[in-house]
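Notes follow the structure.
We count ligands from 1, going down the list as the structure has it; atoms in each ligand are counted the same way.
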Amino acid sequence: MKKIKTQVGIIGAGPAGLTLAHWLKRNGISSVILELRSREYVEGRVRAGLLEQNTVDIMNDLGLADRLKKEGIEHDGVNLSFDSERVHIPFAELTGGRKITIYGQQEVVKDMTDAWLDADEELYFEAGASEIVDFDTKNPKIHFKHAGEDGILECDFVAACDGFHGVGRKTMPKDNYRSYDITYPFSWLGILANVAPSTDELIYAYHENGFALHSLRSETVSRLYVQVPNGESPDDWSDDRIWSELSTRLATPGFELKAGPIFDKSITPMRSHMIDNLSSGRLFLAGDAAHIVPPTGGKGLNLAIADVKHLVDGLVSFYKHNSTDDIDNYTQMALRRIWRAQDFSNFMTTLFHKQEEHGSYNYKLQKAKFDYLKMSKASRTTIAENYVGLPFETYEY
Ligand code: APR
Ligand code: PHB
């Protein structure tokens, strides 16, 4: 039986777990990370790639942004299309200079994993946590299995950063929280293609055939998505069909979509999941373990990093100032931003996806919301400030 001891036991080496580990280290607090999957799997997992200003600032402060600064692509605005009409939302002008950066989530994970292991810190891959016990005492323990051997990680606090299917949320006493779930009746088919992006800034588009999003990863790699009915498989979508649908849905006068070889295709379900309490005793949930938002607006990764900020505040007050005030406030602080993001993600999803038939009452409401964007700077500002992410101070009321 392998026995390890640390101050904070972290489950999950995704963006939430890795950011937490680095940030705690910066404050002299030790942690050990357990990760169910292999390093290759985690670093190869294709996810979204939109970093809010706050997220980039945190990576910078933690000394983890060298490659991000070189390879990340800063965007000062976003394009929103509806029935072939396009509105540009200039972030810098509407938010006092804030922006977003496009940089793949798996690149963030690679950079943080490299830095953690280079510093000789502990991270066990293929080490699935099976049980979290004694979290209602001062000595919680995480049971795990690594390389065929059972192990116990003893710690002062458990941070479950183990995603939607992890063990953290399942361990929370059921009478401790209320949960909220929405499953949208459509999914995203996402592709990566070896072709120069046909746009400098992202395009979100409503079309009567369904939603489309043009994003990118580099000067030579494009990332695009189309709305598909639930239950479809990537095999139902030939490359030709994908490009043809994308070019129909993204069409606006003067815009031409460049097609190229597709090297990754995957389906993402669209759901919202919330619980209204993120801790029990000394067990704390952060990131996808605590909440899921639909990907429209790219909030998932950024919310995970924001949770970690509040958790670090709490743990630093505990270890450095012997105070439990901030850690006791973790849920309350984190939930303000999470609900804001739930609302924004739901707003973007319902505005740009085809839900009922073209011309229905619902469609007319979508169109009215889009037309309002054209008329009102206030409406454009609402989108801009939510999209780039509100500063942390905004939530400290
Ligand atoms: N033991 C150890 N690790 C586990 C366990 C377990 N029992 N269960 C899950 N994990 C690992 C997963 O393999 C995964 O690597 O926890 C990690 C959770 O990472 P993410 O799913 O990336 O979640 P998070 O760090 O919260 O980041 C949120 O990821 O899903 C996207 O859209 C989401 O961008 C957002 C971001
Ligand atoms: C992405 O680049 O993968 C991306 C961008 C914006 C989104 C979702 C995904 O809203």
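No heavy atom of Ala48 sits closer than 4.0 Å to any atom of ligand 1. Heavy-atom distances between His165 and ligand 1 stay at or above 4.0 Å for every pair. Within the structure, the closest approach of Leu213 to ligand 2 falls below 4.0 Å when heavy atoms are considered.
Ranking the protein heavy atoms by distance from atom 12 (C) of ligand 1 puts Glu35 OE2, 3.5 Å first. Here the protein heavy atom with the shortest distance to atom 2 (O) of ligand 2 is Ser215 OG, 2.7 Å. Ranking the protein heavy atoms by distance from atom 6 (C) of ligand 2 puts Tyr204 OH, 3.2 Å first. With hydrogens left out, the protein atom closest to atom 28 (C) of ligand 1 is Asp288 OD1, 3.4 Å, a heavy atom.
Between Ala304 and ligand 1, not a single N/O pair is under 3.5 Å apart. By the 3.5 Å distance cut-off applied to N or O atoms, Gln105 is counted among the residues near ligand 1. Polar contact check, Tyr225 against ligand 2: a nitrogen or oxygen pair lies under 3.5 Å apart. The distance criterion of under 3.5 Å between nitrogen or oxygen atoms is met by Gly297 with respect to ligand 2. Ligand 1 has a nitrogen or oxygen under 3.5 angstrom from a nitrogen or oxygen of Ala16. Taking any N or O of Gly128, backbone or side chain, none lies under 3.5 Å from an N or O belonging to ligand 1. For ligand 2, none of its N or O atoms has an N or O atom of Ala48 under 3.5 Å away. Checked by distance only, ligand 2 and Arg217 come closer than 3.5 Å through their nitrogen or oxygen atoms. The distance criterion of under 3.5 Å between nitrogen or oxygen atoms is met by Pro295 with respect to ligand 2.
The pair Asp114-Lys110 does not count as a salt bridge, with every side-chain nitrogen at least 4.0 angstrom from each carboxylate oxygen.
Under the 6.0 Å cut-off for aromatic ring centres, Phe157 and Phe318 qualify, their centroids lying closer than that.
When heavy-atom distances to ligand 1 are checked against a 4.0 Å cut-off, Leu36 comes that close through both its backbone and its side chain.
With Leu50, Leu34, Asp162, Ile33 as candidates, the residue nearest to atom 10 (N) of ligand 1 on a non-hydrogen basis is Asp162. Residue Pro15 holds the heavy atom nearest to atom 27 (O) of ligand 1 of all those in Cys161, Pro15, Gly14.
Partners of Asn79 under the side-chain contact (heavy atoms from CB on, under 4.5 Å) rule, at least two apart in sequence or in another chain, are Arg86, His88, Thr199, Glu201, Ile203.
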